[in-house]
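Here the structure is laid out as structure tokens; the discussion comes afterwards.
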2 protein chains.
Amino acid sequence: MTLQNNKPESVGRILEAAEILFSEKGFEGTSISAIAKAAKVSKANVYHHFESKEALHIQVLKSACEDFGNIVNGLISDTGLLEDRLGKFAGTHILDMERRNRGTRLILRELIEGDQNRQLLFAENVASNHFKHLLSFIQDSQESGDVREDVDPAVVATLLLGANVFFFMAKGTLQNLDDFTLSDNPAHFGHAISKIIAHGISKNKTE
Amino acid sequence: MTLQNNKPESVGRILEAAEILFSEKGFEGTSISAIAKAAKVSKANVYHHFESKEALHIQVLKSACEDFGNIVNGLISDTGLLEDRLGKFAGTHILDMERRNRGTRLILRELIEGDQNRQLLFAENVASNHFKHLLSFIQDSQESGDVREDVDPAVVATLLLGANVFFFMAKGTLQNLDDFTLSDNPAHFGHAISKIIAHGISKNKTE
DNA sequence: GTCTATACAGGGATAGAC
DNA sequence: GTCTATCCCTGTATAGAC
């Protein structure tokens, strides 16, 4: 959090209300009036603390990015089977998305809606942390001989993170499918895909 | 397409303009005025042909779903290696998302923004086609002994489709990462993940 | 720092002429 | 079926009192 403490309490309420509403209804679907009402301040007060609606949105977004970027460290344990190490990462990652639900949704929205400048911002803030962290782990595993040389680490990272992200965003839809019984168990899903991926990229046949 | 031919040409222009704008700017970010302008008709004309903004949106969305639902058949070839069959499916799927770019974006938006009723609609229209098609293929492969029994077919399907969807929606961000060199080659990505997944779920060691 | 009141633009939607 | 003109509301943002 980059929030200073000498700011009045109302600023915090505005930011929280904005985060909730932006994440639920999107930027265009959220009005300053609604935010002001939820934060129990007047519209003018919102504009006193934030230059514009867009400035407020960016502020909220930055907080979400920081929160998300900080939870990566130490996610991958130092020892154990490839499958278990990947599984721990995937399971934690998906639960973090759940826990930071609103921030996750904000960021997902930006992935779709954001223009190129915005996407660059996320690439640098969020993606570069999560992605590169996972990436270097896979590269290390290649060098140590656990992972086959002919797999592209970036593809593996995208595969794992992408499946997790998709699970998060589509679970409302997935649970309508009869054959999908895991929609209420994110961590389980994370471990299941890790198992498949680990088998898929492993050099040693550890069945 | 459920479009009747006895409708005036302007209706088609309205629908096309709406599809473009809704997919680029979202429902709330798109005004009827903007649609009317792009379709070269008056606002009142839009309301003459469509009951409300929401009705127009749903119509556009339905077309997108139908277009998408229809391209599934025959995607999985009858013969060949598991890896190649999955690869063909994934490659075609990801290219279809590119080709139907606007429709894909519309549907992705709904995955995030839609309420429960909407998500049910997609589950029945789009997901049930793509997902179940892939699902039954994996189940068949389990019965014929190509795929291990301890993998959940639904997880495999989600893994593959999810990675593809994530690639589509995040490629603007991914291309900002130095280590990701596949962002301009969707089909390649589809094949690469199929290879990993096929290895991961295969019973026979076909390396 | 907080409010009420207001300016002004644009939103969705309708009336009624042609 | 298409238009212009209009209604009414809500949007962002500001002015100015306290």
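Letters A, B, ... mirror the listed sequences (proteins, then strands); counts begin at 1. Computed from heavy atoms alone, side chains included, the values below leave out hydrogens, waters and symmetry copies.
Between I197(B) and the options L86(B), L82(B), V151(B), a side-chain contact (heavy atoms from CB on, under 4.5 Å) holds for only L86(B).
Within the structure, no pair that satisfies the salt bridge (charged side-chain N to carboxylate O under 4.0 Å, His left out) test touches residues 156-169 of chain B, not counting sequence neighbours. The stretch residues 32-56 of chain B participates, sequence neighbours left out, in these salt bridge (charged side-chain N to carboxylate O under 4.0 Å, His left out) pairs: E54(B)-R118(B).
Separating the CD1 atom in I196(A) from the NE2 atom in H191(A) is a distance of 13.5 Å, to the nearest 0.5 Å.
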Protein heavy-atom contacts under 4.0 Å, written 5' to 3' over nucleotides 1-13 of chain D as B (base), S (sugar-phosphate only) or - (none), form the string BBBB------SBB
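F167(B) and F180(B) have tilted rings, their planes meeting at an angle from 30° to 60° on a 0 to 90° scale.
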